[in-house]
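Structure record follows, encoded as structure tokens.
For ligands, and for the atoms within them, numbers begin at 1 and follow the listed sequence.
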Amino acid sequence: MTYVHDTIEYLMRSSPAQADFYQAAEEVLTSLQPLLERDPRYRQANIIQRMVEPERQILFRVAWVDDDGEVQVNKGYRVEFNSALGPYKGGLRFHPSVTAGVIKFLGFEQIFKNALTGLPIGGGKGGSDFDPKGRSDTEVMRFCQAFMSELYRHIGPTVDVPAGDIGVGAREIGYLFGQYKRLTGRYEGVLTGKGLAWGGSLGRTEATGYGTVYFAQNMLADRGESLEGRTCTVSGSGNVAIYTIEKLYEVGAIPVSCSDSGGMIHDPRGIDLELLKQIKEVERGRLVRYAEEHAEATYTPIEDYPTGHNGVWTIPCEAAFPSATQNEVNAADAAELLRNGCVCVSEGANMPSSAEAISRFLAAGIAYGPAKAANAGGVATSQLEMSQNASMSQWTFEEVDGRLQRIMADIHRTARDTADEFGEPGNLVLGANIAGFRKVADAMIDQGVL
Ligand code: NDP
């Protein structure tokens, strides 16, 4: 597969020090081989090289004043990767680990994920190395206002529609929306994840987590199995993790773990969802507090995790839902999950499993739902929010959730049928990558060399 090698070499030369981006690109490109062999049009149109190069990358300074009157400076990013299928769509991440390479990996994944939803949205991603943790509400507001003071000139409801991601929730979207409105004088659907009273969609908060569970249900149903009564592990304790846990309870499963960057909780009787919401959504606190209220639960700080492991994946489970961040499941974690009898992994986070971990899941033949398929419910529901904004209407929760369920079933069917078509039944990585790529590539060919 010289094209994979050549493309990654080109990326390393032209965009140095972006390891996460090379990892995401290599995974997709490797899957495409059977398609490229079958259909020479994609090579002739040089689609691969066009696809790995963002249409536009915006880097900017974000200067703001903290509560002590000190001037702070952060980096701001928006990568508008591909608009073949619609306006750029993808979240904003505020986390100290954000670099150009992280935003590019997320933006690249987003292209194919968005294509898989079947909805008219292109791929983009943005963010900042700003850390909202420990900052007061007024500091977060001043940062968001400064960030939007540059971003507003690049976005719009038919141009580029950002949403939330790590570190960007309802509070941040509110401040960003307010500043956009102030600068442009327009009240329009330029961001998704908005508050319900000012243009948000019912069901958007829950969508990514719920969707990841729906995806797992679809995978298991194909095998004549279900989540009912199954012990499940979940990592993270943010938006995706919380609503994954909520839906797991609704379908009769038992979610026994959650984590944050400080450590993890193992509660064998099942995570106390109300307490988790109180700690994370209301108090913005740390998970260690959970164990103070529940004597039967164990809190393990990150420094006490078994060497070489993310502790969450050493808890025996039948289904695992990585919902924190990239590369949180390594080869040793995958081996441990399989050894303990895990039969299903459905990824809520983006690129949570390393390439070696994915190989192990595929070799073991378990139900493995890669992120760009399994967590696409979030962006799909964001597009439903855009539809409601454009038609100045608001749908019921049942309407949105019903559509989400149908979209997740369609994504699963598309990935599964594409894997079958290319002679790799059950390989949803290959199925999702080829199906997403083919849709975008065909649109790029139709639209000419751009
Ligand atoms: P949140 O900010 O709400 O929560 C993130 C969670 O992950 C927190 O518990 C956080 O812990 C933990 N976490 C973040 N970074 C690290 C790290 N480096 N090491 C350990 N733990 C970490 O984000 P979301 O729940 O929205 O996002 C989680 C994942 O899901 C991300 O990969 C995101 O890209 C993906 N995703 C999100 C979507 C959405 O709709 N929100 C849609 C599709 C994918 P702490 O608070 O201690 O930092």
Side-chain angles (χ1 to χ4, degrees), residues 20 24 89-99 102-103 105-107 109-110 113-114 116-117 123 125-127 130-134 162-173 191-193 201 203-212 215 234-246 257-265 271 276-277 279-281 283-290 301-303 305 310-313 321-329 346-353 369-385 404 408:
D20 294 308
K89 183 90 197 86
L92 298 171
R93 176 177 293 191
F94 292 170
H95 194 272
S97 64
V98 163
T99 60
V102 168
I103 299 298
F105 116 65
L106 290 163
E109 289 279 292
Q110 198 81 45
K113 179 189 312 198
N114 293 5
L116 281 171
T117 66
K125 199 82 189 188
F130 170 71
D131 189 358
K133 229 178 280 159
D165 190 81
I166 291 178
V168 179
R171 175 183 61 172
E172 290 75 16
I173 293 290
L191 291 159
T192 56
S201 172
R204 174 60 188 94
T205 304
E206 296 86 351
T208 308
Y210 280 21
T212 305
F215 196 85
V234 179
S235 64
S237 51
N239 172 265
V240 178
I242 286 173
Y243 292 95
T244 295
I245 290 171
E246 182 165 287
S257 71
C258 58
S259 65
D260 62 17
S261 52
M264 69 170 195
I265 289 290
I271 292 293
L276 180 62
K277 284 186 177 180
I279 294 171
K280 287 295 175 182
E281 294 187 332
E283 300 168 13
R284 296 178 187 276
R286 310 305 297 159
L287 268 186
V288 65
R289 195 170 99 57
Y290 184 102
I302 242 171
E303 48 280 13
Y305 285 2
N310 177 340
V312 176
W313 314 125
F321 294 82
S323 309
T325 193
Q326 63 268 21
N327 289 320
E328 55 166 321
V329 186
S346 192
E347 296 182 337
N350 281 309
M351 205 170 74
S353 304
K372 64 172 76 64
N375 74 24
V379 73
T381 309
S382 273
Q383 200 282 340
L384 302 182
E385 183 173 328
L404 172 64
M408 297 315 295

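Here CD1 of Ile166 is found 8.0 Å from CG of Asn350. Values are rounded to the nearest 0.5 Å.
Residues passing the side-chain contact (heavy atoms from CB on, under 4.5 Å) test with Ala24 are Phe105, Phe108, Glu109, Met351, sequence neighbours excluded. For Ser201, the side chain to side chain donor-acceptor pair (under 3.5 Å) partners are Gln388, not counting sequence neighbours. Partners of Arg289 by side-chain contact (heavy atoms from CB on, under 4.5 Å), not counting sequence neighbours, listed by chain and number: Leu275, Gln278, Ile279, Glu283, Glu292, Glu293.
Each of Arg93, His95, Lys133, Asp165, Ile166, Gly167, Arg204, Thr208, Gly236, Ser237, Gly238, Asn239, Val240, Ser259, Asp260, Ser261, Arg286, Ser323, Ala324, Thr325, Gly348, Ala349, Asn350, Asn375 has a non-hydrogen atom positioned under 4.0 Å from some atom of ligand 1.
Of the possible polar contacts, one joining the Asn375 side chain to the Ala349 backbone as a donor-acceptor pair under 3.5 Å is found.
Scanning all heavy atoms of the two residues, the minimum distance from Ser323 to Thr244 falls at OG-OG1, 4.2 Å.
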